[in-house]
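Notes follow the structure.
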Amino acid sequence: MTHFNVKSLTFYSVAIAAVLILFKTVTTYGEANIKAPPTIDGKYRLVLSPNADCPKPEPLLLTIQQSGIYVTGFLLPLKTNAKEVRSAEKNPALTGRLQNQQLSLSGIADVTRCNSYNAATPSASTLIKLSTQIQPALQGQIMLSNIATPFTFTAIKETPSPEAKNINSH
Amino acid sequence: MHTAVLVLFQVLIVIGLSRLVGLGCRWIKQPLVIGEIIAGIMLGPSLFGLIAPATAAFVFPSQTIPYLEVLSQVGLIFFMFLIGLELNPKYLSGQLEVAILISHVSILVPFSLGTLLALVLYPLVSNGSVPFTAFALFLGAAMSITAFPVLARIITENNLQSTRLGTLALTCAAVDDVTAWCVLALAIAVARTNSISSAFPTVIAALLYIIFMVTVGRWFLKRLATYYQFKQRLSQIVLAWIYMGVVASALITELIGIHLIFGAFLLGAVMPKNEGLVEEIAQKTEDFVLIFLLPVFFAYSGLRTQIGLLNRPELWLLCALVVIVAIAGKYIGTYVAARVSKIEHREASALGWLMNTRGLTELIVLNIGLSLGVISPLLFTMLVIMALVTTFMTSPLLEWTYPKRLIKLDMVDAEQDVSDETQPALEIPTTYRILVPMANPSTQKGLLQLAVAIANINRQNAVVHPFSLIELQEDYAFESTPVAAERLIAERRHQLETLISSLDDAPELRTHVLPIVRVTNDVARETAAIAAIDTDLIVVGWHRPAFSKNRLGGRVGQILSVAPVDVAVFVDRGGDRLETLLVPYSVSTHDDLALELALRLLMNRDTCRLTILRVVQPTQINSDLNYELTNLMQQLPAHVRSRIDVHVIEAAEPIKAAVEASTDVDLMIAGTSRAWGIERQTLGHYTDELAIQCRSSLLITRRYSKVTSHLVSVIGNA
């Protein structure tokens, strides 16, 4: 066939080879030198250590949705029912970044309850500032706007429970 | 609420909103599919979830998402099957060498740029669970996609499918599409097995399957085609087998390790492209898939698109970078390759913009990537924005580089191959051009005969264009693909040719009567656009309008309102003689036009006689013809003037007088002036009293341009 003369065949093979070589080079370089931020996606149970302003802070649930170094998430009391969790998923109220192994998130959340206080304390949205290290585990500080002293916390990653998995897999 | 009920409710909203937004997009001359994509995004967290999060969570709770996913996968499978069906090797026939070069370059360049872009994006928007190789491969594939279905429709709508640009674009896009799917298959295999080497078994298996389908599968399907030829219709049992085949093929490719869609696409692609068979399968499948299932896919995709994630300026900059790299890769690659193949700048540029269309094929690719976890939600959103932007810009940019006005009237000769729209429209210098819109060629012989008579071919270089517009009803259906559209055009052209050859003096007319057949979705606009190029007169037949009895309403009314040329509407009462003419004359420009056309007819035939009827009110003073016209008539040769009679009668009701006079003439030519009860009302409608009462055939004339003279050119040659 006249289409496949030597000149065009050489051109195509050279071009394709060039692109393949480029690809190989880039990927080798990339695999070796470029590291993506570690995966911190998921649900975490935050255990806050008590402090002067709030001796018995209740445990919280932190959900993180990660896209590289840009992170969003939301914070709820651990006892929140599944429906509210799903509702919060739609509009994560916390945003932040991952930088140098440090995660910082800020936004609003519904977590003012502090067990030592009057049970009639209404829960209002509070501003949250969270900064943690991510290796080896998530631990750091969380600041709530209505409580003067920041809390330190450790986070335990939650693996999704088998029942929850079954609901989704139907 | 029970989940199934909720899902159906969601589907209702999805379809309704898709059609609505799609309509809006049609209005701004964008493809329907953009509207559907936007509708899907609107229903997700980007708009609906933002302004009414509680309602959004109620209407689209996350437990229904898997159901939407199932529906959208089914829709995708059958949609890809339809795409495969549309891929006709006929597209590859022309300009193969150039097409191969351009399509190769238009993949290699964006792919390389995508790989380089991966270096920038990986540390920012990807997380550690995705290996760099898979990420780079995927991004490269996403950058090299060209949306073949959307492109095919844009080309058909712009009537480019028989031009060199159109066929080249289609061929390149087809080759591009297939290559990109292969790269995507590789990317999926690598993503699932996490390295290129372990993807080898998958790749080998895929290749084996492709070979199997192309050989054994095709052989089997060929027997199906023969069966169809014999039976001439597609029974349900056969269609059931075909559908089962689609699903089975999809399952096989999924098991192999590449995605469901490839199997479906492959089956469509190897289906023998017997026209009738493919068309029937497409017709039976497409409505439900395109109306019901595909919008669900867009909604499902839209629910995962979170524009709210781009909440920092640096992220928008990153998005802009992605868009720029995507556009640059495709446009520059295509443009350079086209120029190297000696294609001129304008066409190469248009080709570049066409190949830049990414549309819904890109969305399919991105959703697969997101499901596999290769791209993160943020990057997914950015790429969706990129797909929308690139598809959105195609139509306007195409119009800008390759404006419709450059697409001059085609010189259509059945034997001649018209491939270059930039060829000058006619080789003979034309002094007078008539456009004759014909909706129903077989019944409009009288109309064409009249137009030819007015054209006066023996005295001047006049041209008559019987003009047929094929209106595409459905936006996205099989009939709007280039192959199907071409078939319709050929049919219509054949009808026109038959009509032309049945005229008197047919052989001499051949070079002066040139049919034009075009595809459009707005008849009045297209007619006006073509008329604006150098047309002197439109002669249109009377249509019985659908909703009113007014003879000047409906389609004719639209042409009257929109066309920037003089128009004559022919109400044919059957007789095919044009021997005796009557022009009722009152002082108005429209009647002047009527008189001019009558004089043209008079000069065409030596046996013609013309009566000019002046109906004067009893109190009227001046009963002379317009000065210019009198002058012109003095210039007529004596043998023409001798056949004109001027009757002046006094009557209180001009219309009645005219109607009476019409009883013994063959044709009455009247202008749209108040005197004859045919005038333009405030809303643009015309009254049509004379038309209703007239006894003979009637030609209603409406002057648009005060400058055009219909007589000068013919008198000069008398």
Side-chain angles (χ1 to χ4, degrees), chain A residues 1-5 7-9 11-41 64-72 82-93 95-98 107 134 167-170, chain B residues 3 44-45 48-50 53-54 56-58 60-63 65-67 96-97 100-101 104-105 107-109 111-112 115-116 118-137 140 196 303 306 308-312 314-315 375-382:
Chain A
M1 283 188 271
T2 53
H3 302 303
F4 298 118
N5 60 18
K7 208 167 76 163
S8 32
L9 272 181
F11 170 73
Y12 290 133
S13 5
V14 167
I16 295 178
V19 172
L20 286 176
I21 293 175
L22 173 71
F23 186 72
K24 194 76 186 106
T25 327
V26 170
T27 46
T28 336
Y29 174 76
E31 295 277 1
N33 302 342
I34 305 187
K35 293 286 177 237
T39 318
I40 54 171
D41 238 18
I64 295 184
Q65 297 160 340
Q66 178 195 22
S67 294
I69 60 173
Y70 301 99
V71 178
T72 57
K83 193 163 170 209
E84 276 182 34
V85 173
R86 280 198 290 268
S87 164
E89 247 170 25
K90 292 269 171 198
N91 249 330
T95 55
R97 272 177 76 128
L98 199 55
I134 50 179
I167 294 173
N168 284 333
S169 71
H170 182 266
Chain B
T3 330
F48 192 22
L50 197 66
F58 176 68
F60 290 101
S62 26
Q63 77 260 33
I65 305 289
Y67 295 90
L96 195 59
E97 232 180 273
I100 290 184
L101 174 67
H104 263 84
V105 175
I107 291 195
L108 294 176
V109 175
F111 184 80
S112 325
T115 318
L116 291 172
L119 287 171
V120 174
L121 289 179
Y122 186 66
L124 292 178
V125 292
S126 190
N127 54 30
S129 55
V130 179
F132 182 79
T133 315
F135 183 78
L137 202 51
I196 295 199
L303 287 170
Q306 301 164 33
L309 283 179
L310 283 90
N311 50 16
R312 292 161 204 267
E314 70 220 41
L315 289 176
I375 51 178
S376 57
L378 179 62
L379 187 56
F380 175 77
T381 307
M382 286 188 193

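Atoms considered below: every heavy atom in the structure, side chains included; atoms not considered: hydrogens, waters and symmetry mates. Lettering of chains follows the sequences in order, A, B, ..., and the numbering in each one begins at 1.
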Side chain from CB out, backbone as N, CA, C, O: work out which of these in Leu315(B) comes under 4.5 Å of a heavy atom of chain A, or both, or neither. side chain
Just by distance, no angles: are the side chains of Thr133(B) and Glu31(A) close enough, under 3.5 Å, to form a donor-acceptor pair? yes
Starting from the C-alpha separation in whole Å, work towards a yes-or-no answer on side-chain contact (heavy atoms from CB on, under 4.5 Å) for Leu309(B) and Gln306(B). CA-CA 6 Å; Leu309(B) 283 179; Gln306(B) 301 164 33; 3.5 Å; yes
Contact part of Leu121(B) toward chain A, heavy-atom cut-off under 4.5 Å: side chain, backbone, both or neither? neither
Region of Ile375(B) that comes under 4.5 Å of a non-hydrogen atom in chain A: neither
Between Thr72(A) and chain B, with a heavy-atom cut-off of 4.5 Å, which part of the residue counts as in contact: side chain, backbone, both or neither? side chain
Within the 3.5 Å criterion, strictly below it, is a donor on Gln65(A) or Tyr70(A) matched to an acceptor on the partner's side chain? no
Could you tell me which non-hydrogen atom of Leu303(B) sits nearest to which non-hydrogen atom of Pro45(B), and how far apart they are? O-CD, 3.3 Å
Which atoms of Phe111(B) approach chain A - backbone, side chain, both or neither, heavy atom under 4.5 Å: side chain
If you apply the rule side-chain contact (heavy atoms from CB on, under 4.5 Å), what do you find for Ile40(A) with Leu98(A), and how did you get there? CA-CA 10 Å; Ile40(A) 54 171; Leu98(A) 199 55; 4.0 Å; yes
Looking only at heavy atoms and a cut-off of under 4.5 Å, which of Leu379(B), Thr115(B), Leu116(B) has the most pairs with chain A? Thr115(B)
